[in-house]
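Note: hydrogens, waters and symmetry copies are ignored here, and every other heavy atom, side chains too, is used. Keep in mind it's a predicted model, so treat the numbers as computed, not measured. Note on naming: letters A, B, ... go to the chains in the order of the sequence lines (proteins, then strands), and numbering restarts at 1 for each one.
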Amino acid sequence: MRPLVIYNHRMNYINKFQNQLLNWYRQKARELPWRSDPSPYKVWISEAMLQQTRVETVIPYFNRFVDEIPSVESLAEVEDERLFKLWQGLGYYRRATYLKKAAQAIVKEYNGHLPVSINELKSLPGIGAYTAGAIASIAFNIPVPAVDGNVLRVMARVNADQGNIRNPEVKKRIEELVITLIPTNNAGDFNQALMDLGAGICLPNGTPKCNECPVKEFCKAYSKGLVSTIPVKSDKKERKMLEKTILTVWWNGRMAIRKRESKGLLANLWELPNYEGFLSKEQCVLILEQLGFTVTDITTMKNARHIFTHIEWVMKGYSISVEGEGNLSDWKWVTDEEIRGIYSIPTAFQAFFPSS
DNA sequence: AACTCGGGGCA
DNA sequence: TGCCCAGAGTT
């Protein structure tokens, strides 16, 4: 009898945790575009966009994207230029490349339908442990965990886990904990409830709203007074500063852009011509002359700064008018309208555009 | 295990 | 300014 009693106690604990979390979610769930129609395709697109990106940022991108590219098949065939344009400003641009690659694989190997199994999902480019779990649970209601940054924080507090949440071991530990709690019949709502809880109540940096938390009676960090010290997170690496000179070069009413290389930062996106270091007007004029142009005007623009995760660009800019033929191979002369409608140019350069 | 890869919002 | 965000892939 004894093991059965313990078993029942454990079941009651789990049921109560599930019920209180799910009841809270039924009342407080955020209304989000991908929640009104959680088709596998829309869930997938939303999860890809949401990687390291806030919900509020994603919403307009998601709406535009699924409106213009409504299916796996259309995604598999979309022009790269158009794909990147739809992603412009969202960051982590290889996610867009992964989406198209995965769509092509889904058409070829799964007849255009997203696979249901975690392992098959994870085999697709851009779909890792979290995203596979999110798609499987939200789109297919399969009881698997989907541990993102929110869930890591929430469950580290619930279990008073003082491990460094950047440590993969700690993440695995928390995944195992979620597995013991996840309901067999309502996994999608359960996972999304944990994320909403993290986004709205169980906030980072020691400022959670514990009085509003539906599961505070289960939270060991709350009962032990450790909420402000959990989760533990190791320090990030320091950012390096990089000085650059950005050129907006005008020729016959058009502006010069060029394509970035296919690897590394902002791969395959378009950029304004730019050079390492702070160049003087004279140095810029010399560069343009060596390219075969005659400089008719050059003015200094306002300095700008762009902060990436691990680099910071400090940028000096010049607006330059040129005449002549030039002898360039990798510059492209484009109009304002083409820049707005066609070419994907990352945010780092926006400060040097006339539209901004 | 450590790096790389964007951009924005908020204290 | 620093931190964090519905992370994934490479080395």
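Regarding E261(A), its CD atom lies at a distance of 10 Å from the P atom of dC5(B), rounded to whole Å. I307(A) places its CD1 atom 12 Å from the C1' atom of dG6(B), with the value rounded to the nearest Å. For the pair R305(A) CZ and dG8(B) P, the computed distance is 16 Å after rounding to whole Å. Between the CH2 atom of W313(A) and the P atom of dC5(B) there is a distance of 11 Å, rounded to whole Å. What separates CZ of F84(A) from C1' of dC5(B) is a distance of 13 Å, to the nearest Å. Taking atom CH2 of residue W87(A) and atom P of nucleotide dG7(B), one finds them 13 Å apart after rounding to whole Å. Across the protein-nucleic acid pair, K236(A) atom NZ and dG6(B) atom P stand 14 Å apart, rounded to whole Å. L266(A) has its CG atom 9 Å from the P atom of dC5(B), to the nearest Å.
Taking only side-chain nitrogens and oxygens, H306(A) comes nearer than 4.0 Å to OP1 or OP2 of dG7(B). Distances shorter than 4.0 Å separate none of the side-chain N or O atoms of T309(A) from OP1 or OP2 on dG6(B). Between H310(A) and dC3(B), a side-chain N or O to OP1/OP2 separation shorter than 4.0 Å is absent.
Remark: R64(A) qualifies as a cation-pi partner of Y61(A) under the 6.0 Å distance and 45° angle criteria applied to the six-membered ring. The cationic atom of R26(A) (NZ for Lys, CZ for Arg) does not lie both less than 6.0 Å from the six-membered ring centre of F190(A) and within 45° of the ring axis. In this structure, K244(A) forms a cation-pi arrangement with W313(A), its terminal cationic atom sitting closer than 6.0 Å to the ring centre and no more than 45° off the ring axis.
Nucleotides of DNA chain C lying under 4.0 Å from heavy atoms of chain A occupy a range whose first and last members, 5' to 3', are dC3(C) to dG9(C).
Comparing dG9(C) with dG8(B), their P atoms are spaced 24 Å from each other, to the whole Å. dA6(C) and dA11(B) have their P atoms separated by 15 Å, given to the nearest Å. Comparing the C1' positions of dG7(B) and dT10(C) gives an interatomic distance of 22 Å, to the nearest angstrom.
If you check every strand for non-hydrogen atoms under 4.0 Å, L90(A) touches a base. Among the protein residues, F308(A) comes within range of the sugar-phosphate backbone only, with heavy atoms under 4.0 Å from sugar or phosphate atoms but none that close to a base. Within 4.0 Å (heavy atoms only), G264(A) reaches sugar-phosphate atoms of the nucleic acid but no base atom. Among the protein residues, T207(A) comes within range of no part of the nucleic acid, since none of its heavy atoms lies under 4.0 Å from any strand. Using a 4.0 Å heavy-atom criterion, one finds that W34(A) contacts the bases of the nucleic acid, with or without backbone contacts as well. The residue R153(A) sits close only to the backbone: its heavy atoms come under 4.0 Å of sugar-phosphate atoms, none of a base. Among the protein residues, L152(A) comes within range of no part of the nucleic acid, since none of its heavy atoms lies under 4.0 Å from any strand.
Aromatic rings from F308(A) and H310(A) are positioned such that their centres are separated by 6.0 Å or more.
Between G126(A) and Q192(A), it is Q192(A) whose nearest contact on DNA chain C lies nearer the 5' terminus. The residue among P346(A) and K237(A) whose nearest nucleotide of DNA chain B is located toward the 5' end is K237(A). Both E169(A) and L265(A) sit near DNA chain B, but only E169(A) has its closest nucleotide nearer the 5' end. Residue whose closest nucleotide on DNA chain C sits further toward the 5' end, between R239(A) and G128(A): R239(A).
In summary, E312(A) and R305(A) engage in a salt bridge, as defined by a charged side-chain N under 4.0 Å from a carboxylate O. Residues D80(A) and K100(A) are paired through a salt bridge, judged by an N-O separation under 4.0 Å between the basic side chain and the carboxylate.
A donor-acceptor contact under 3.5 angstrom links the side chains of Q20(A) and E217(A), judged on distance only.
Screening R153(A), M155(A), E169(A) for a side chain to side chain contact (heavy atoms under 4.5 Å, CB included) involving I174(A) leaves a single residue, M155(A).
Atom NZ of K28(A) is surrounded by 12 or fewer heavy atoms from other residues, nucleotides or ligands within 6.0 Å. Open room surrounds NZ on K16(A); 12 or fewer heavy atoms of other groups in view lie less than 6.0 Å from it.
I342(A) and V78(A) end up in the same hydrophobic cluster when Ile, Leu, Val, Met, Phe, Trp and Tyr side chains are linked at under 4.5 Å.
Of the residues in residues 40-65 of chain A, those with a non-hydrogen atom less than 4.0 angstrom from any atom of DNA chain B are Q52(A), T53(A), R54(A).
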